[in-house]
Amino acid sequence: MNLEFSDEELAFRETIRQWMKANVPDDLRRCTARGAMPGKEMQQRWERLLGKQGWLTVTWPEQYGGPGWTATQRYIFDLERASAGAPPTSPFGVAMVGPVLYTFGSAEQKDRWLPGIRSGEMLWCQGYSEPNAGSDLASLKTRAERHDDHYLVNGQKIWTTQAHWADMMFCLVRTDSTVKQQQGISFLLIDMKTSGIEVRPIYSIDGHHHLNEVYFTDVKVPVENLVGTEGMGWTIAKFLLTHERTTIAGVADTQNEINRLKAALAAMPDNYDKHQAARRVAALEIDLMALEYTNFRTVAATDEGKPFGPESSGLKIKGTELQQSVSQAMVELGELMSLPWDNEEPIGNEVFNRASRRYNFLRACTIYGGSNEIQKNVLAKMLLGL
Amino acid sequence: MNLEFSDEELAFRETIRQWMKANVPDDLRRCTARGAMPGKEMQQRWERLLGKQGWLTVTWPEQYGGPGWTATQRYIFDLERASAGAPPTSPFGVAMVGPVLYTFGSAEQKDRWLPGIRSGEMLWCQGYSEPNAGSDLASLKTRAERHDDHYLVNGQKIWTTQAHWADMMFCLVRTDSTVKQQQGISFLLIDMKTSGIEVRPIYSIDGHHHLNEVYFTDVKVPVENLVGTEGMGWTIAKFLLTHERTTIAGVADTQNEINRLKAALAAMPDNYDKHQAARRVAALEIDLMALEYTNFRTVAATDEGKPFGPESSGLKIKGTELQQSVSQAMVELGELMSLPWDNEEPIGNEVFNRASRRYNFLRACTIYGGSNEIQKNVLAKMLLGL
Amino acid sequence: MDFKLSENTTIIADTARRYLKDNYSFDVYRSQLQEADHLHAARWQAMLELGWFGLPFPESCGGYGGNLVDVAAIVREAGAALCLDPFVDLVVSPGKLLEYINTPESLAILEDVIAGQARVACGLYDRHAGYQVTRPSLRLNGDRLSGQKHVVPDGGCAETVLVSAMNGDELLILALPVEQCQIERYRLLDGGRAASLTLDDLEVSDAMILCRGEVARQAVSGWFDYLCALDCARMYGAASQVFQHTLEYARTRKQFGKAIGSFQVIQHYLVDMFIDLQQLESMLLMVLVKAESETVSERARATSAAKAYYASQAVRIAQQGIQIHGGVGVTEELNIGHYFRLITHCSLSHGSRDYHVSRFIEAEAAVDEQV
Amino acid sequence: MDFKLSENTTIIADTARRYLKDNYSFDVYRSQLQEADHLHAARWQAMLELGWFGLPFPESCGGYGGNLVDVAAIVREAGAALCLDPFVDLVVSPGKLLEYINTPESLAILEDVIAGQARVACGLYDRHAGYQVTRPSLRLNGDRLSGQKHVVPDGGCAETVLVSAMNGDELLILALPVEQCQIERYRLLDGGRAASLTLDDLEVSDAMILCRGEVARQAVSGWFDYLCALDCARMYGAASQVFQHTLEYARTRKQFGKAIGSFQVIQHYLVDMFIDLQQLESMLLMVLVKAESETVSERARATSAAKAYYASQAVRIAQQGIQIHGGVGVTEELNIGHYFRLITHCSLSHGSRDYHVSRFIEAEAAVDEQV
């Protein structure tokens, strides 16, 4: 057993650290330090920079342009990225549709779509949820009818993060309503500029626009945008659920949040109860340590080429709970300074002024991608055989 | 709205307080102060003393020998009893079979059994649970077959508290297995000295003998010991569940435990982290206050002759959770002094030396009388209509 | 012991509920969120006419002699309706402080507040003093004041602001004309408007000083307890709505072919919320009576217990309400998220849980001494 | 990074499991609970022959040079088997202290321990010093010792006890003949035996003093971390058994006509237990490596984090195990309640959660300074 990074890994870390120091844009760094989320331009500028370096699609196999890193290197990269004040990259292209394409796509599809994802030029969004198909995704109703060389898509998606930014959507649609629910679903790539698509914003309780409703009215999608075969959509969706878990727990960003909180607390005046605050932070750090080492186990297993072990099953549940706890602690420890919502001049430490927006935003993290309750249902069945 | 006791109630409290001061036996007081539970002799001696005073069956209507107190007076009595260091009275005679008898029993049954309960001479136990009928009580299997002037009882009961002390058991038995589960159950009184009854001890994880298994082999029970009619057992059992809730939350005894804990903490040496301990105790006291005022609302409603309102639905769940939390805090705040199990000489403060036994004992309180999970199932259905 | 609301209180609550139903709605709330100033002339006049401005104050001050239970009946309904009209911030809060100061000058201002003729806000918090309202960090230097007051609720539309400052070891409360302060306006977590006031070498005249020393300390301390209790009332109104809406949603929202309320885990969540709501109601009734108690330590013990309890349990209800609603719960379009913000806000205004646990311990030690 | 156990460790763990399966059982445990003395001659000899006595110690001291991971493999299996044989109390615990003291005298005693020829216990706790092992309340007066040492594990069957005391500001560790102490024997929460030792004006010779000052402080501090890590290993063994037994019970126990494991609430309880158990395993692997670290503050930070985490999460698993078992879970006849006692015990021996959170904060500050 050995819990230290090897000399090679330490050298790798140093390389990444230096690069981040030199390359994370100042405005992005400031944005993260305030606890804010970057807008489209700032986010994409950063992702293009990574793309140019070949470090955007770090999980991809080398043959598709991945850097050929080990899971440990990817984990180190994520830690350094977060501690340098850069946000996580948008998952839809890099972590979701990319792996689907190189796994299930045709040669033409790979050639056509992978380069834009790799370079950060092309932005994607995910069309899964529908108003009546949330936890029960398989009951989705958006139809795609085959007409010669295209599908005609009608229906509605909801909770579509960054649909207003995206060039393309990957989408689950129903191509057959005569078979068992799961079997009639297909995986389709849709150009967001196609006529018949309407994107309506949904404002989140952090006051920002991340989410959208997307309406499809007789939207023509070329048949060559079907990934795999008709009816394969559910299989592809499930494939994504078990893909790459080495950073799903959010350890790097949670660590960064705790660091921001500790720095803010250190600057509090003498009449503030630092002792009590320190105990609360310590409890969170201890929880993070348990998550971190569980995550390390998954990383190490990945590097040995093993499938994800049982240790990885709780990474998302524990990770999201901890993100919420850290965020709640930041709001509550900020006391009165957490109440201002849109002040221009900082009041006390600005970290606290912005904390409640993030706290609001993070209520969603135990809901999206399969709520934690749904995850537990699945684990009870798959893992415990109940 | 008025949250103070009236002058009459304060005078009543003073009377009770003085009486308790003069009458709670010293050995009983010391036993409670150590956190121990009295044995049969000590417990019964105390209950007889209350019986003589007419204060054992305080919830009973005056016509059956109750003292005619209001719910508020009964609540005050309970507070004074606990703070004087006396344990709660055994519920089986006073709170359970007594009300059943004066509500459903025949004149003969009342004459025969109520006096012994009122005086504390006769001890009872409750024969409900069976090895395969725990949460699912209605599936009980102990049979009582009618033969002329008696029933022949065969079967087994389990978790029978104080069966080894009891003169009598009130018992749910199946008198008809051809009808719907609940309809075939009857309520029978069984003399524990009848031949064919075997009582086997079950030791609890506090190291003590409170519980028993009771085996019935061809036990003859006179038909006049049937309460109500055959098949009425389930109705009677449900009646008991909704009876008297003014002290079910255990506020008086939990308050007493917190007081014992605070006194023990006050005596800790200077190198002990009293600040942290005080915060933990304060959080428990605040929780207790919420329970206490919820309890007051039930008491006030009872005095107005109203049925139990929604506020009373959580009293048992919250009350038992709080008992466990207080007990856990006592063990954990006792640090190393909570580890000795059967030391004769006190080590540090004896309150802590005994705390872990109580902590062990109290794991049962969220299980017995319908586990908290079962209670929530019932509330979801009955109260929320889910 | 008696938990029944008086007939009078019941009428006040019913009136408030009816008034808000007729004059306020989630849509009105959402458009009010966008306003720079939350003083809506017509509703302000209506509230004045309903007698709410005089309700919190004794008849001797020109009020209608309502107690905290009466005032809380309105605040609770306002919480349930998400109403942002600054009844507490510009009437109750400054009014109670002026009443407790109880000098001819303060009572004269109070009279104008009750009559709807003065817009007065309270600026008792500043950047470095946390929740310790009796020891503000703003200091008088000779007859000059320089510094800031923060999170002054609806301070942007007031004419006068009641400000606390230290003069040596002595607490002062001053009534300052807002026009002499520099103002930065912003919104708060609950959607309310607030301001930071910057005092730049402001010359303090004797007339500005309303009171000092022990009188000031007691006035601020009484005000703090009163406002804490109203925070609880507002949270209760909001939390009970969260529960009702969530229960309704669980009954009707279908997933996997059945109502989500038929899943045992959701049922237990809802039962927990229901039981907690009952306990919150008990704590509210308790604090509404005790927060006006004569005994300072008894009062502090009760309000700090209630506020600490609400900060964990009302927040928990709001979080669970969102979780059970799923995606729709985190959008601006549904009220649930707004209740969540309101409850989070109130759990931190006038003292966080950590602060009140400490204050509870101190108050209890003081109570024990008296016994 | 590599979480695989070495082949050697795997063999040790397998041997321990097999040995305990063949030689120990719940029935043996229950009868051992009744014994006055937990030193079972045949099993003691067997453990000696298995090489366990030498395993924890460097070859230079006559040991077999096993590391903490190896020793923990045995302790974890012992926890899983509820084994009460005092391998830790009479071998590992005194042995590590003697090793860390590292004087010719201490190493001579260690040699006897390894050879199974000395019964040595550790008496490092007393009544007033809480968990602060480097500042015991027992004090040397001239050359006389009067006072008590409490909760000396298996102190009742030792010949020698290693005792800490203060001489002025200096920490001493002494090796005292137990026959010169008054002994009170009792059981502990986990079923183990312990003793309180009373020293009545005992004359301390120079030969009794093993070490003093910084050497003593460092030895005790290293010992504390080592023992904390073993507490975690023991709790892990027990908690994993609780989970396995509870899962099995939920699969087979029927109520309302179906297995209780088919109820969604029970399923979520079990998933939570499973996930927590995974995290406990991660923390165990972490602490087993870090608790032998050279850097004192790094070591303290790791052990205190692990111990604090176990004190909440392992305890939670034990509580839920009982709750899911229902009535049968609170009886002496089932192992679940015994695991609950063992876990509660270990969560309080060598530091409670509150204590370790404080220690974690101090250690972290020290780590930060070094960086």
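Proteins come first, then strands; the chains are lettered A, B, ... in the order of their sequence lines, and each starts at number 1. These figures come from a predicted structure and were not determined experimentally.
- With ring centers used as reference points, Tyr272(B) lies 6.0 Å or more from Tyr355(D).
- Side-chain contact between Ser349(D) and Leu339(B) is present, with at least one heavy-atom pair separated by less than 4.5 Å.
- A donor-acceptor pair is defined here as one N or O able to donate and one able to accept, closer than 3.5 Å; no such pair exists between the side chain of Arg187(D) and the backbone of Pro340(B).
- Only the side chain of Leu333(B) comes within contact range of chain D, with at least one heavy atom under 4.5 Å from a heavy atom of that chain.
- Ser338(B) and Leu348(D) get closest at one heavy-atom pair: CB-CD1, 4.2 Å.
- Identified by a heavy-atom distance below 4.5 Å to chain D, the contributing residues of residues 344-356 of chain B are Glu344(B), Glu345(B), Ile347(B), Gly348(B), Ser356(B), in residue-number order.
- Within the 3.5 Å criterion, the main-chain N or O of Gln255(D) finds no donor-acceptor partner in the side chain of Asp136(B).
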Candidate pair Glu332(B) and Ser352(D), rule side chain to side chain contact (heavy atoms under 4.5 Å, CB included), full reasoning = CA-CA 7 Å; Glu332(B) 292 178 0; Ser352(D) 65; 5.6 Å; no

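- When heavy atoms are compared at a cutoff of 4.5 Å, Asn271(B) approaches chain D by way of both its backbone and its side chain.
- Residues of residues 374-386 of chain B that come within less than 4.5 angstrom of chain D, heavy atom to heavy atom, are Ile374(B) in numerical order.
- With hydrogens and angles disregarded, no donor-acceptor distance shorter than 3.5 Å links the side chain of Tyr359(B) to the backbone of Thr344(D).
- Glu373(B) contributes no side-chain N or O that, together with a main-chain N or O of Val265(D), makes up a donor-acceptor pair within less than 3.5 Å.
- Listed in order of number, the residues of residues 365-372 of chain B that approach chain D to under 4.5 Å between heavy atoms are Thr366(B), Ile367(B), Ser371(B), Asn372(B).
- Heavy atoms of Ser139(B) lying under 4.5 Å from chain D are absent altogether.
- Both the backbone and the side chain of His128(D) come within less than 4.5 Å of a heavy atom of chain B.
- For residues 313-331 of chain B, a heavy-atom distance under 4.5 Å to chain D picks out Gln328(B), Val331(B), given by residue number.
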